[in-house]
Amino acid sequence: MNFRSLKGMKDVLPSESALWLHVENTIRREMDLFNYREIRTPILEETGLFARSIGELTDIVTKEMYTFQDRGKESVTMRPEGTAPTIRAYIQNNLGEQSPLSKVFYLGPMFRQERPQAGRLRQFHQFGAEAVGSSSPQLDVEMIILPISIYRRLGVDAFSVKINSVGCEKCRPRYKELLKTELMKVRSKLSPESQARVNDNPLRVLDSKDENDRKLTAHMPLIKDHLCEECRTHFASVQFHLGAVGIKYDIDGRLVRGLDYYTKTAFEISSPALGSQDALAGGGRYDLLVKELGGRATPGVGFAAGIERLLIALAEVRGSAAATPSPDLFIVAQDEASREWSFVHAAELRSKGIATEVDYLGRSVKSQMREANRQNARYVIVVGADELRSGRAAMKEMATGKDFPVSLDAIEIPAPRP
RNA sequence: GUGUCCAUAGUUCAGUCGGUUAGAACGCCAGGUUGUGGCCCUGGAGGUCGUGGGUUCGAGUCCCACUGGACACCCCA
C-alpha cells in the first residue's frame with residue numbers, strides 16, 4: 001500500500017524549507033515595521049462563521065469548503081480564509097474594548113477543495129493583516145503598501161495594483177438594481193455562469209472573464225460612477241494617498257472580490273510571473289463585517305496574500321537562493337573508539353553553540369569527508385587513535401583546504417558564522 | 001464539477017516502423033588519484049516501463065478503462 005499526500009496538498013521538503021523560513025521571516029519583520037501583531041486562530045471553526053461572513057451564496061461557501069460533522073455532531077469547517085476567524089477572535093476577546101484600533105496579522109494554512117492547478121492548492125498558505133477600528137482611507141492604502149513592501153524586500157517588484165470601490169449599504173443596493181435591469185436586457189446571451197449571477201450577485205457578472213460577457217456589458221454602468229457622497233470621497237482619498245506614497249495603480253471599475261463582506265475599497269495585486277492564477281494578494285474594506293458577526297459596528301480593512309504564489313514569483317526573479325543551514329564542524333572518526341568520542345563531544349560542542357555533525361554509518365574517512373563537503377561543513381576534524389592519545393588534532397577549514405592544530409578538549413570555531 | 005495534455009531508475013529524460021538482455025546524464029554507494037572532501041578516473045546498486053484489460057507470433061511502443069499528475073475553465077491568494 002502506497003500512501004500519497006491528498007490531492008492538492010504538498011510537502012515542504014527539507015530542501016525547500018530554508019526558503020519558506022526566509023519568506024516567513026521577511027513577512028514577520030515587515031509586519032513589525034508596520035506595527036502589526038501576530039494573531040493565531042484555530043484551523044477549525046464553526047461552519048456558520050464562514051457562511052455568515054463570506055456569504056451563503058459564494059463559491060467558497062457553496063462548493064469549496066472542507067466541512068464535516070465532528071463527533072459532537074456539530075458542523076465544523078477548516079478555515080478557507082483568515083479574515084472571518086480573526087474578526088471572530090477580535091469580537092470574542094473584546095479586543096475593541098482594549099484599544100480603539102487593532103492591527104493584527106496572521107500567517108498559516110488555509111483550505112479550499114478546488115481542482116488544483118498552477119498557483120492553486122487545496123491546502124495553501126496565506127499571510128494577511130487586518131486593521132479594525134478605523135475608517136481612515138490611509139489604512140486602506142496601508143493594506144496595499146504592506147504586501148508591496150514585503151514583495152520588494154524579497155526582490156519581487158514586477159506586479160500591478162488594481163483598485164475599485166464596491167460602495168456601501170447606502171449606494172450599492174441602488175446600483176445593484178440599476179445594473180440588474182441592464183443585465184436583464186441581455187441575460188439570455190450571457191454565459192451560464194453569469195446568467196446565474198444576475199439576480200444574486202450582479203456585480204460579479206461585470207468581472208467575468210468570458211469575452212462575450214465582456215462585450216455585452218462593455219457599456220454598462222460601473223459602481224464607481226454611482227457611489228454615494230461618502231464612498232466617493234473615500235475612494236478619492238484612497239487614490240490621493242496612494243499617489244502620495246508613490247504606488248502606481250489602475251482603477252478597474254469591474255473588480256469585485258469574491259467574498260461578500262467587502263465595502264468601499266477593493267483591491268488586487270497581481271504578478272505577470274504567475275500564469276492564469278495571477279493574484280498575489282487581494283483585500284479591501286469591510287465596515288459591516290464586525291457587526292454582521294455579532295460585535296458592535298466597527299469599520300475594518302485587510303488583505304490576504306498567497307505564499308505559494310509569492311514563491312512562484314520569487315523563483316522568476318532569482319534562483320530561489322536562501323542559505324541552507326550547514327554544520328560549523330564535522331568530526332570524522334577513523335575507528336570505533338573515536339566514533340564514540342565524537343558522539344559524546346558533539347553534544348558538548350553543540351551546547352557551546354557550535355553546530356556539529358558526526359558519522360553514524362561507520363563510513364570510511366573518505367566517505368565522511370565527502371559527506372562533510374556535501375553538507376557544506378565549515379570545518380572538519382579527523383579523529384583517530386593518535387589524536388585521542390595525544391589530545392591534539394588538525395582542524396581543516398574546508399573553504400581554503402588549510403588546517404591548523406587544535407586541542408581536542410578546547411575546540412573552538414575561529415570566526416563567527418557569517 | 002468540465003476540458004486538454006502527460007505517466008520509462010532517486011531526479012531530468014532518450015527509447016526509431018511494434019522485434020532479442022530497456023539506456024544516458026545527474027544523484028547515490030564503493031574504490032583509485034589527491035596531503036583527508038571538491039576536479040578527474042574505475043566499478044556498483046537501483047526499473048513489475050503508473051495499474052488492469054485488449055489487439056498481436058511478439059507491446060515501454062497500438063487500443064480501452066482506471067489511478068495519479070500538469071495546465072486551462074470556474075473560482076481565488
Has A:R204 got a side-chain N or O lying under 4.0 Å from the OP1 or OP2 atom of B:C76?
yes
Within this structure, what is the CZ-to-P distance between A:R115 and B:C73, rounded to whole angstrom?
13 Å
Interatomic distance, A:E64 CD vs B:G1 P [rounded to whole Å]:
13 Å
Atom CG of A:L57 to atom C1' of B:C76: distance rounded to whole Å?
17 Å
In 5'-to-3' order, the base (B), backbone-only (S) or no-contact (-) status of each nucleotide in nucleotides 34-42 of chain B, using a 4.0 angstrom heavy-atom cut-off, is --BBB----
In whole Å, what is the span from the CD1 atom of A:I150 to the C1' atom of B:A77?
14 Å
Check whether any side-chain N or O of A:R122 sits under 3.5 Å from a backbone N or O of A:R112 as a donor-acceptor pair, and report yes or no.
no
Would you mind reading off the distance between A:E193 atom CD and B:C74 atom C1', rounded to a whole angstrom?
6 Å
Side-chain N or O of A:K209 closer than 4.0 Å to phosphate OP1/OP2 of B:C73
yes
From C-beta outward on A:Q277, which listed nucleotide comes closest to its side chain: B:C76, B:G3, B:A77?
B:C76
Would you mind pulling out the nucleotide paired to B:G44, Watson-Crick or G-U wobble, both distances under 3.5 Å?
B:C28
Round to a whole Å and report the spacing from CD1 of A:I307 to P of B:A77.
14 Å
Scan every strand shown for a Watson-Crick or G-U wobble partner of B:G68, both distances under 3.5 Å, and answer none if you come up empty.
B:C6
Is A:S367 close enough to B:C29 that one of its side-chain N or O atoms is under 4.0 Å from OP1 or OP2 there?
no
Give the rounded distance in Å between these two atoms: CD1 of A:I60 and P of B:A77.
6 Å
Hey, what are the protein-to-nucleotides 44-46 of chain B N/O distances that come in under 3.5 Å?
none

Roughly how many Å is it from NZ in A:K7 to C1' in B:U67, rounded to a whole number?
9 Å
Looking at B:C62, which nucleotide sits across from it as a Watson-Crick or G-U wobble partner, both distances under 3.5 angstrom, or is there none?
B:G54
Counting only side-chain N and O atoms of A:K63, is one of them less than 4.0 Å from OP1 or OP2 of B:C76?
no
In sequence, state the C-alpha distance, the side-chain angles, and the governing distance for A:R120 and A:E114, and then conclude on side-chain contact (heavy atoms from CB on, under 4.5 Å).
CA-CA 8 Å; A:R120 190 169 77 186; A:E114 301 176 86; 3.4 Å; yes
A:R120 side-chain N/O to B:A72 phosphate OP1/OP2 under 4.0 Å:
no
Nearest to the side chain of A:R363, heavy atoms from C-beta on, is which of B:A30, B:U2, B:C74?
B:A30
Protein-to-nucleotide contact annotation, 5' to 3' order, nucleotides 6-13 of chain B [B base; S sugar-phosphate only; - none; under 4.0 Å, heavy atom]:
--------
Phosphate-side-chain proximity, A:S364 and B:A30, N/O vs OP1/OP2 below 4.0 Å:
no
Any donor-acceptor pair under 3.5 Å joining the side chain of A:Q117 to the base of B:C76?
no
